[in-house]
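Notes follow the structure.
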Amino acid sequence: MIVAIDGPAGAGKSTVARAVAQTLSFTYLDTGAMYRCVALARIRDADCDLDSLKIELDDAITLNGEDVSDAIRTPEVTELASEVAAEASVRAAMATRQAALLAEGDWVAEGRDIGTVIAPHAELKIFLTADPQERARRRAEQTGRDLSEILAEQQDRDRRDGERSLSPLVAAGDAVQLDTTTLSADEVITQIAELANAAINGGGPQ
Ligand code: DC
């Protein structure tokens, strides 16, 4: 079974997807971390070969054996990840890897195109949104960075991720849309876990 969780940065995807996976005893897949690894590899070597990048997403995220869990969260990598994610060759390579992972087992996969492109057959699709000010506020709280700077960067990324021609950030037609602006993480986690349990017990797509 696949639970797909898509949405813009700061809507709460990572916190929620990780917790829902734990609640359901499913495996968590952070597809954004893959794009971030590609961006980091590019910063280090502009000509790096995509196919030979060894990306492992376990408790720690490793790139060619090195723990890059922190290194992929810098503003520089965040910015470049959004750029490399618009490249056809990068998307194709990541899509192949993601589809291979999702082919077996039970997953909570988060990203931008899981419900639309990577796993359109997912049994449950969630599209998480939140007010842009609130999303930026959350990021500022997490990182300690300046709110207005984060808001400006977020607007750029939202535009790039939403307007690119390949797999833009859009909700799947059959996704459940959840606005998390005024909800706590626990409330969102509970709602999604309930929807997933209903999908498990009911059998069919939502
Ligand atoms: O979710 P995140 O911030 O870690 O994602 C990093 C970048 O990767 C973000 O700009 C959007 C892009 N991304 C994507 O295009 N498709 C995905 N499935 C996941 C992330």
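Just so you know, ligand 1 is whichever comes first in the structure, and atom 1 is the first atom listed for that ligand.
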**Request:** Using the side chain to side chain contact (heavy atoms under 4.5 Å, CB included) rule, take D158 and Q155 through it: C-alpha gap first, then chi angles, then the decisive distance, then the call.
**Result:** CA-CA 5 Å; D158 281 356; Q155 272 166 354; 5.7 Å; no

**Message:** Quick one, L151 with Q133, criterion side chain to side chain contact (heavy atoms under 4.5 Å, CB included). Give me CA distance, side-chain angles, the key distance, then yes/no.
**Reply:** CA-CA 7 Å; L151 193 57; Q133 284 282 351; 3.6 Å; yes

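Listed by chain and number, the hydrophobic cluster partners of F127 are L169, where partners are ILVMFWY side chains within reach of under 4.5 Å, directly or through others.
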Donor-acceptor contacts under 3.5 Å from residues 98-107 side chains, at least two apart:
unit_1: D106; atom_1: OD1; unit_2: M1; atom_2: N; d: 2.7
unit_1: W107; atom_1: NE1; unit_2: L101; atom_2: O; d: 3.2
unit_1: W107; atom_1: NE1; unit_2: E104; atom_2: O; d: 2.8

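Contact residues of ligand 1 (protein heavy atom closer than 4.0 angstrom to a ligand atom; sorted by chain and number): T31, G32, Y35, R36, R73, A81, S82, A85, R91, G111, R112, D113, R157, D161, R164.
Side-chain contact check for T31 versus I118: every heavy-atom pair is 4.5 Å or farther apart.
Annotation: salt bridge (Lys or Arg N to Asp or Glu O under 4.0 Å) contacts of R91 (sequence neighbours excluded): D113.
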